[in-house]
Amino acid sequence: MRYALVALSLVVFAAYAGGEFSTGGAELLKFKGYAISYFDIWGEEDADPDMSFDVIASVSWLPKLNEWLDAKIAFKAKPTRVAMSDLSLTTEDIVLNLHPVENFTFSMGQFKRPFGYNYTRSGSSMYFRDRALLTGQDEFKNFGGRDIGANFNLSFEMVDIDLAYTNSSGDNVPENDSNKQFTARAEIEVTPGITIAGAFGSHTIDDPDTTETDQTLSATGMDFYGVVEYPLSETATLNFVGEYLMLGETVDEDLDATDANAMAFTLAPHFDLAGEELTAIQPAIRYENYSPYYTGETDPENDVGAIDFCVSLFLFSDMNTLQIGGRNYTYEAEGMDGYTDMYIDWRMKF
């Protein structure tokens, strides 16, 4: 995708020139995204470098043909992932959406499987700079992450249901008929501002101990979460998220395997202010613990934990944020010392 950034910039320039950028413009030239520039201080012992600058940007093109046909094409750029001279982008989402009737959407393309609240939440709305630690673990990636396939969505006033059927080939896994994946999620708004949800995912791979393509190993994952965005007053909103996951592993049935599990709890109250420069402030804290799967009767005691903390300062509007935060890592295993990373970042949405 070399030169993709240049091509995208030309599209954006054309949109500006025609006065068609963002809201109120042509339906085929709608964009949204965010950019984050940040400074990290790494706390791990002997880290090299022990501090560094970085930047990341995400841009989504949202063309709309009419009331029942639209699409999403999303890119992400992070210079330190590739050579600085490479202008290519990472393609994240390419989705075609059909809305044949009210409350129903049929989608095809590459998208996030509907599993894991801390993964599917949009990057521009996160309370912290980084996603929860659990989203980067191998057992989670069996069920959550981006995939290519189809999704059916039913959305009503209080209930939202997703049913996805995807390739589930993943990185370095050959695609075949044995490893298709099914994912389902249901969200219920029990009262305004309070939502509970559950998701189910299946995962299969070819049995590595046999050459027969119809011999597979399978696993299931379950995800439960609750989200609270409840107004406490005209200027204060309580935000809370609690999530618990059970993540199976594709191992032989003869093995006595204990599934991985994870939990994450976030508290992030939001306070509107009367100032013109500082319009709002939002402190946030998140606790999480991840326990990998293991075989046998003895727990290897290798859980990984993290505490994220952050203060977001909204400057001039809710589109421009200064964040000061960090993450403390803890390890259950002997010989692994915990440490704390710190960061300062500037996030601008558009």
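Count residues from 1 along the sequence. Model, not experiment: these values are computed from the prediction.
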* Asked: Which residues pass the side chain to side chain contact (heavy atoms under 4.5 Å, CB included) test with N320, sequence neighbours left out?
  ->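 Checked N320 against side chain to side chain contact (heavy atoms under 4.5 Å, CB included); matches are L315, F316, W346, M348.
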If you measure from [atom1] on [X] to [atom2] on [Y], what distance do you get to the nearest 0.5 Å?
| X | Y | atom1 | atom2 | value |
| --- | --- | --- | --- | --- |
| I94 | E92 | CD1 | CD | 11.0 Å |
| S107 | N151 | OG | CG | 5.5 Å |
| F182 | R113 | CZ | CZ | 13.5 Å |

Who else is in the cluster with [X] when I, L, V, M, F, W and Y are joined by side-chain contacts under 4.5 Å?
| X | result |
| --- | --- |
| L245 | F115, Y119, L134, F140, F143, L247, Y290 |
| I148 | none |
| L62 | none |

Under the ring-ring contact (aromatic ring centres under 6.0 Å, His included) test, which residues partner [X], sequence neighbours left out?
| X | value |
| --- | --- |
| F309 | none |
| F39 | F53 |
| F128 | none |
| F224 | none |

* Asked: salt bridge (charged side-chain N to carboxylate O under 4.0 Å, His left out) with D308: which residues, sequence neighbours excluded?
  ->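 D308 satisfies salt bridge (charged side-chain N to carboxylate O under 4.0 Å, His left out) with R286, R327 once adjacent residues are dropped.
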* **N118 and E243 side chains, donor-acceptor separation under 3.5 Å** =>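 Yes, side-chain donor-acceptor contact under 3.5 Å.
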* Applying side-chain hydrogen bond (donor to acceptor under 3.5 Å, both in side chains), which residue pairs with at least one partner in residues 187-201 are found, sequence neighbours left out? ->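 Matches after skipping sequence neighbours: E187-Y225.
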* Can you tell me which residue pairs pass the side-chain hydrogen bond (donor to acceptor under 3.5 Å, both in side chains) test with a partner in residues 331-342, sequence neighbours excluded? =>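 Every pair satisfying side-chain hydrogen bond (donor to acceptor under 3.5 Å, both in side chains) with a residue in residues 331-342: N328-T340.
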Contacts under 3.5 angstrom, residues 66-75 side chains, donor-acceptor by atom type, not counting sequence neighbours:
from	atom 1	to	atom 2	distance (Å)
N66	OD1	W68	N	3.0
N66	OD1	L69	N	3.0
D70	OD1	N97	ND2	2.8
D70	OD2	H99	NE2	2.5
K72	NZ	D93	OD2	3.4

* To do: Over 60° means perpendicular and under 30° means parallel, so classify the ring planes of F106 and F152, tilted if in between.
  =>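 Because their plane-to-plane angle lies in the 30° to 60° range, the rings of F152 and F106 count as tilted.
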